[in-house]
There are 2 protein chains.
Amino acid sequence: MKNKQSYLQNYVSVDCVVLGYDEVENRLQVLLIKQKDPDKQNVDSYKSQYALPGDLINENESLDEAASRVLNELTHIKGIYLQQFYTFGHPDRVSAPKDADWLRVHRKDPNARVITIAYLALVRIDHITPLAGSFAENTIWRSIKKIPKLAFDHNQILGKALEIIKEHPEQHIMGRELLPPKFTLSQLQNLYEAMSGLQLDKRNFRKSIKTADYLIPLDEKQKGVLHKPAQYFSFKKSKK
Amino acid sequence: MKNKQSYLQNYVSVDCVVLGYDEVENRLQVLLIKQKDPDKQNVDSYKSQYALPGDLINENESLDEAASRVLNELTHIKGIYLQQFYTFGHPDRVSAPKDADWLRVHRKDPNARVITIAYLALVRIDHITPLAGSFAENTIWRSIKKIPKLAFDHNQILGKALEIIKEHPEQHIMGRELLPPKFTLSQLQNLYEAMSGLQLDKRNFRKSIKTADYLIPLDEKQKGVLHKPAQYFSFKKSKK
DNA sequence: ACAAAAGTGTTTTAGATACACCCATGC
DNA sequence: GCATGGGTGTATCTAAAACACTTTTGT
């Protein structure tokens with residue numbers, strides 16, 4: 001019987017793709033952290049990079065719990081729904097030269113392989129206020145149209161996340177509080193458009209969302225707008 | 001800066017859900033291995049169990065490569081397409097009493113956590129002949145309707161795999177050689193039915209698959225059948 | 001009165017569903 | 001001639017797509 005399993009252990013991390021819906025600009029932004037500069041005296045030529053919030057898992061937590069904890073430690077975001085979507089484990093995924101400095105400072109064994117389970121979350125961008133923590137120097141929202149070069153293989157991870165929400169926008173809208181408790185149908189349509197990247201016809205959109213009966217019409221209208229005021233709606237509570 | 005990552009390493013494994021389509025019985029079966037009995041003198045009360053083929057990953061292989069290698073080592077199956085579908089990492093996923101004996105024999109640290117990336121493959125059951133290897137004592141095909149109790153959390157992993165193919169049968173049919181190179185439309189319909197678990201109407205099925213143009217009609221018919229001979233078809237080569 | 005977004009219906013098209021009989025072959 | 005599975009068409013329903021004008025408010 002072979003014994004090759006004896007010492008073959010690996011680092012395991014989680015990475016979080018947090019997409020924030022910016023209703024005003026009608027676009028999705030991704031939450032990135034800027035890696036903290038370590039003491040420059042010790043580490044020459046260190047260049048901090050942007051990265052997805054992510055870190056190694058702890059011993060007695062599930063992967064889902066790890067994702068929540070790590071996101072909280074780096075950005076102080078709490079209580080959002082994170083969904084696992086893919087696992088990245090190429091042997092070289094953290095061994096690009098651009099990442100060497102960070103690893104040298106933050107890992108006992110900078111050359112070790114790291115396998116990462118990627119998570120996806122969608123939030124209202126004005127609903128949470130990230131606050132950098134742990135090794136995050138600060139946090140920023142970046143439009144998904146203008147993604148900088150990220151640490152490790154994070155561009156690839158983000159790309160896969162964006163594919164997923166484009167394919168199934170509807171699955172990521174209900175019950176995620178991406179809109180205020182009371183919203184207009186135009187707001188909802190804008191959200192769908194931002195997620196799918198498509199333009200939708202107003203009448204057809206309204207027909208289709210009324211067929212699927214997500215919505216409760218409210219006895220309340222917009223006020224103070226310089227056009228015909230829109231009716232407000234809210235989501236039905238999930239049927240389960 | 002915290003250093004908690006220092007020694008926190010984990011075992012990482014891959015597990016393969018290989019589903020074999022049995023055309024004669026028109027059903028899907030899953031490939032299981034029977035864990036090899038170690039020397040009974042040393043390990044009392046060892047009970048071998050059925051399990052999905054899976055093992056720890058090696059150092060310099062990608063996850064996809066690991067899945068192929070592990071499957072080959074345990075069953076001598078080669079060259080089939082394996083697709084990652086979910087990662088299971090609950091801290092207790094390998095710590096049930098039923099699994100303790102196996103771990104004691106096969107792992108340096110039997111209490112260590114193991115995170116596993118699960119893979120899915122679909123094959124023609126008469127197209128491959130598994131041959132047990134490594135710690136597999138033998139291999140068996142079991143109908144997905146009658147799954148025994150499996151090692152670790154493998155029942156859960158298999159359940160998730162079956163959900164996935166039920167939801168998107170069409171994605172797992174093209175280009176997987178689940179049928180002979182020449183096949184009849186009834187054979188194809190049976191395959192869809194086995195994968196989706198649904199009964200389909202013959203005329204409607206034929207209409208829909210001819211709309212989507214997967215198929216090349218061949219100038220060849222069944223021979224020797226005691227009914228009207230069916231025309232053969234083959235798949236178009238993938239368009240890419 | 002004008003600007004700005006809200007709101008509203010009909011027609012067309014395509015795809016999904018339901019359904020029943022004749023055909024070619026081997027024995 | 002009979003048993004067996006192969007093969008075919010139409011009517012209906014539903015969902016998606018295209019498309020333009022009137023309404024209500026604030027200024």
Side-chain angles (χ1 to χ4, degrees), chain A residues 22-27 166-171 173-174 179-180 182-235, chain B residues 22-27 166-171 173-174 179-180 182-235:
Chain A
D22 174 353
E23 207 190 310
V24 179
E25 302 282 337
N26 194 30
R27 61 182 179 183
K166 270 192 190 178
E167 278 165 25
H168 305 288
E170 70 290 350
Q171 294 178 15
I173 287 181
M174 279 296 297
L179 292 173
K182 300 169 183 182
F183 52 86
T184 69
L185 296 180
S186 295
Q187 286 177 293
L188 183 58
Q189 180 174 348
N190 286 336
L191 173 56
Y192 268 91
E193 290 177 342
M195 290 179 67
S196 67
L198 302 171
Q199 285 286 106
L200 304 175
D201 177 83
K202 187 171 28 163
R203 280 172 291 189
N204 292 337
F205 176 77
R206 285 164 188 237
K207 223 182 302 169
S208 65
I209 57 155
K210 282 178 179 168
T211 317
D213 62 350
Y214 294 160
L215 299 182
I216 303 168
L218 305 177
D219 288 332
E220 198 179 339
K221 289 180 178 183
Q222 282 181 318
K223 276 180 188 166
V225 289
L226 49 156
H227 56 76
K228 178 171 175 177
Q231 187 181 8
Y232 282 120
F233 289 79
S234 68
F235 285 120
Chain B
D22 174 353
E23 207 190 311
V24 179
E25 302 282 337
N26 194 30
R27 61 181 179 184
K166 271 193 190 178
E167 278 165 26
H168 305 288
E170 70 289 351
Q171 293 178 17
I173 286 181
M174 280 296 298
L179 292 172
K182 300 170 182 182
F183 52 86
T184 69
L185 296 180
S186 295
Q187 287 178 293
L188 183 58
Q189 181 174 347
N190 286 335
L191 173 56
Y192 268 91
E193 289 177 343
M195 289 180 68
S196 66
L198 302 172
Q199 284 286 107
L200 305 174
D201 176 84
K202 188 168 31 160
R203 280 173 290 191
N204 293 337
F205 176 76
R206 285 163 187 238
K207 222 181 304 169
S208 64
I209 59 154
K210 282 178 178 167
T211 319
D213 62 350
Y214 294 160
L215 298 182
I216 304 168
L218 304 177
D219 287 333
E220 198 178 341
K221 288 181 177 183
Q222 281 181 319
K223 278 180 188 167
V225 290
L226 50 156
H227 55 76
K228 176 171 177 178
Q231 187 180 9
Y232 283 119
F233 290 79
S234 68
F235 286 119

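Below, read A as the first sequence line, B as the second, and so on, with proteins coming before strands; counting in each chain starts at 1.
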Atom-to-atom span, [atom1] of [X] to [atom2] of [N] - whole angstrom:
| X | N | atom1 | atom2 | answer |
| --- | --- | --- | --- | --- |
| Arg206(B) | dG5(D) | CZ | P | 14 Å |
| Leu218(A) | dA6(C) | CG | P | 16 Å |
| Gln199(A) | dA17(D) | CD | C1' | 15 Å |
| Lys228(A) | dT23(D) | NZ | P | 8 Å |
| Ile209(B) | dT17(C) | CD1 | P | 15 Å |
| Gln231(B) | dA24(C) | CD | P | 14 Å |
| Gln189(B) | dG7(D) | CD | P | 11 Å |
| Lys210(B) | dA16(C) | NZ | P | 16 Å |

Exercise for the section: Look at all strands and tell whether Ser208(B) reaches a base, only sugar-phosphate, or nothing, counting heavy atoms closer than 4.0 Å. Expected result: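 No contact.
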- What is the distance from atom CG of Leu191(A) to atom CZ of Phe183(A), rounded to the nearest 0.5 Å?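 Between atom CG of Leu191(A) and atom CZ of Phe183(A) there are 9.0 Å.
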Out of curiosity, Asp201(B) CG to Gln189(B) CD, how far, rounded to the nearest 0.5 Å?
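So the CG of Asp201(B) and the CD of Gln189(B) are separated by 7.5 Å.
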| task | Could you say whether His227(A) or Asn204(A) is positioned toward the 5' end of DNA chain C, judged by the nucleotide with the nearest heavy atom to each? | result |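 Going by which nucleotide is closer to the 5' end, it is His227(A).
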| Which comes earlier along DNA chain C counting from the 5' end, the contact point of Asp201(A) or that of Ala230(A), where each point is its nearest nucleotide? |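 So the residue in question is Ala230(A).
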ask   = So, is Ser186(A) close to the dA6(C) phosphate, meaning a side-chain N or O under 4.0 Å from OP1 or OP2?
value =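 So the side-chain polar atoms of Ser186(A) do come within 4.0 Å of the phosphate oxygens OP1 or OP2 of dA6(C), strictly under.
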dG7(D) phosphate, OP1 or OP2: any side-chain N/O from Arg203(B) under 4.0 angstrom?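 Checking Arg203(B) against dG7(D): no side-chain N or O falls below 4.0 Å of OP1 or OP2.
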Open item on the list: Strictly distance-based, threshold 3.5 Å: is any side-chain N or O of Gln231(A) a donor or acceptor partner for the main-chain N or O of Pro217(A)?
Closed with: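 Here the side-chain-to-backbone pair does not exist.
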Could you check whether any side-chain N or O of Glu23(A) sits under 3.5 Å from a backbone N or O of Leu179(A), counting only pairs where one atom can act as donor and the other as acceptor?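 No, Glu23(A) side chain to Leu179(A) backbone: no donor-acceptor pair under 3.5 Å.
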Under the 3.5 Å rule, do the base of dT10(C) and the side chain of Lys207(A) count as making a donor-acceptor pair?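 Side chain to base: pair found, below 3.5 Å.
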Exercise. Which atom pair, heavy atoms only, marks the closest approach of Phe235(A) to Ile216(A)?
Worked result: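 Heavy-atom minimum between the residues: O-CD1, 4.0 Å.
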Along DNA chain D (nearest heavy atom to each residue), the more 5'-positioned of Leu226(A) and Lys202(A)
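Its nearest nucleotide lies further toward 5', so the answer is Lys202(A).
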